[in-house]
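Working notes for the structure below.
Chain A is the first sequence line, chain B the second, and so forth, proteins listed ahead of strands; every chain is numbered from 1. The figures that follow rest on heavy atoms only: side chains count, while hydrogens, waters and symmetry mates do not.
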Amino acid sequence: MPAKRIIPCLDVRNGRTVKGINFEGLADVGDPVELGARYAAEGADELVYLDISASKEERSTFTDLVRRIAERINIPFTVGGGISSVEDAARLLEAGADKITVNSAAVSNPQLITDIATRYGRQFVVVAIDAKEIDGVWRVTTHGGSRLTDRELFEWAAEVERRGAGEILFTSMDHDGTRNGYPDETYARLCASLSIPVIASGGAGCVDDIANVLDRGTADAALAASIFHYGEITINSLKRQLSERGIEVRL
Amino acid sequence: MIAVIDYGMGNIRSLGNALQRLGAEWRLTADPEIIRSASHVILPGVGNAAEAMANLTERNLPEVLWRLRHPVLGICVGMQVMCRHTEEGDVDGMGIFDAKVRRFTEQPGVKVPHMGWSPLTNMESKLFKGIEKGSYVYFVHSYFAPLCPDTIATSRHPGLFSAALKYENYYGTQFHPEKSGEVGERILRNFLEL
């Protein structure tokens, strides 16, 4: 198996990296290209850039940004946010993105996964799944967890794989933002049910949380934002600590 | 000038960007004259190997590539089509490397595609000058070249496979040097210095 990957996630709005503070307001945490380059130099294995722009004008800024990221960054990077058509994906591929991630649009139009994967290969498609546990059933949500769907996590993940996704980025909306760790058993079950890699997201508060989801949860990668942005822990230090716990990482 | 072969296979922007970062002059081309007069030739490739081979043949590129005397580098699918045969679409390749490309077998704990960073071992070529054993490089592939006399580096998934191949002036890497951080940049630079 390849090394477990550590993936910083950068939310981008209007060309700047932003980070929510206690669900109110957004703090500017820097230039996305510079921040990405710094993370790459510190040992990030990949980067994820999410466009959280509100308007169409801001969206075109994002494509230009993707072009600048591609010129500068020497590791793979994924982009997402608002991708709802093959054309959106094509535009970002052309700008230099290695992978794209789709979420809500894939739930309302699963054919989108098939179409993008057929055209550009499964390595290009990361499907993000947000779910929350309700009465013992993991239900898929969309629009940042605000809308509950009829889909069940494991069935949807299997369909997504069948349709050509190259990876799944799973976030538990029950854990996201809590900094209390990930639902490790759910990750382990999800990983065992799929043959494509699973990236864990949302919930990391400390090194142990990440170690647990990679080890007990058997996730292939962990994605995190705030613990890196505010310099609570550097990527290099995190990876050294994971390595000391016997987890294979690229150092 | 470096000729990057244009044969309609995937995105070459990241390779172009990597060459740019190294300060190299490069050109995307399928013109036999430009390919022959280039100092180095790179055959990139993302996607399906059978389609890649068909696209090369359609453009009469195999006979141009076969006769080159300067350094040629195939990357990922570009390397696979330089092998004798590939299981992907059951097609013959250019036969430069003495290997038959096979698919990884899915088994518990082994994911296909092999996607991510794996360490390089058994490196035996100037291509890896200054690269330490165990250095990680980035792979994305479902098919692999088994070990053969042309193997110049190996990696594991979970068995050993050829991470890089060499025959005379022809080189191939299964991994993506253009996405492999500083290690990848060094490997590309080594190739350009051949």
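In terms of heavy-atom pairs under 4.5 Å with chain B, the best-connected choice from A:Pro76, A:Ala95, A:Ala70, A:Ala3 is A:Pro76. Ranked by heavy-atom pairs under 4.5 Å with chain A, the list B:Gly181, B:Ser118, B:Gly116 is led by B:Gly181. No other option in A:Glu94, A:Arg67, A:Arg122 has as many heavy-atom pairs under 4.5 Å with chain B as A:Glu94. Of all the listed residues (A:Ser195, A:Ala97, A:Ala41), the one sharing the greatest number of non-hydrogen pairs under 4.5 Å with chain B is A:Ser195. Taking A:Glu167, A:Arg72, A:Glu71 one by one and counting their heavy-atom pairs under 4.5 Å with chain B, the maximum is reached by A:Glu71.
Counting non-hydrogen atoms of neighbouring residues, nucleotides and ligands closer than 6.0 angstrom, the CD atom of A:Glu185 reaches no more than 12 such neighbours. Heavy atoms of other residues, nucleotides or ligands lying less than 6.0 angstrom from CZ of A:Arg189 number 12 at most. Within 6.0 Å of the CZ atom in A:Arg245, the count of heavy atoms belonging to other residues, nucleotides or ligands exceeds 12. Heavy atoms from other residues, nucleotides or ligands lying under 6.0 Å from CZ of A:Arg91 number more than 12. Heavy atoms from other residues, nucleotides or ligands lying under 6.0 Å from CD of B:Glu182 number 12 at most. Counting heavy atoms of neighbouring residues, nucleotides and ligands inside a 6.0 Å radius, atom CD of A:Gln111 exceeds 12 of them. Counting non-hydrogen atoms of other residues, nucleotides and ligands closer than 6.0 Å to OH of B:Tyr167 gives a total of 12 or fewer.
The part of B:Val140 that comes within reach of chain A is its side chain, from C-beta onward, which places non-hydrogen atoms under 4.5 angstrom from that chain. Of the atoms belonging to A:Ala192, not a single heavy atom falls under 4.5 Å from chain B. Of the two parts of A:Ala40, neither the backbone nor the side chain holds a non-hydrogen atom closer than 4.5 Å to a non-hydrogen atom of chain B. Of the two parts of A:Ala221, neither the backbone nor the side chain holds a non-hydrogen atom closer than 4.5 Å to a non-hydrogen atom of chain B. Contact annotation for B:Glu106: only side-chain heavy atoms (C-beta onward) come within less than 4.5 Å of a heavy atom of chain A.
Atom CZ of B:Arg21 sits about 5.5 Å away from atom CG of A:Asn74, to the nearest 0.5 Å. Between atom OG of residue B:Ser14 and atom CD1 of residue A:Ile75 there is a gap of 13.0 Å, rounded to the nearest 0.5 Å. If you take NE2 on B:His114 and CE on A:Met1, they are separated by 8.5 Å, rounding to the nearest 0.5 Å.
Counting all heavy atoms, side chain and backbone alike, B:Met115 lies closest to A:Pro2 at O-CG, 3.4 Å. Across all non-hydrogen atoms, the minimal contact from B:Pro119 to A:Glu248 is CD-OE2, 4.0 Å.
Judged by distance alone, with hydrogens and angles left aside, the side-chain atoms of A:Arg5 form no donor-acceptor pair with the main-chain N or O of B:Trp117 at under 3.5 Å.
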Step by step, work out the side chain to side chain contact (heavy atoms under 4.5 Å, CB included) result for B:Lys111 and A:Cys191. CA-CA 10 Å; B:Lys111 302 202 171 177; A:Cys191 292; 4.2 Å; yes
Go through the steps to decide whether B:Tyr138 and A:Arg250 satisfy the test side chain to side chain contact (heavy atoms under 4.5 Å, CB included), and finish with yes or no. CA-CA 10 Å; B:Tyr138 189 77; A:Arg250 175 181 70 110; over 6 Å; no
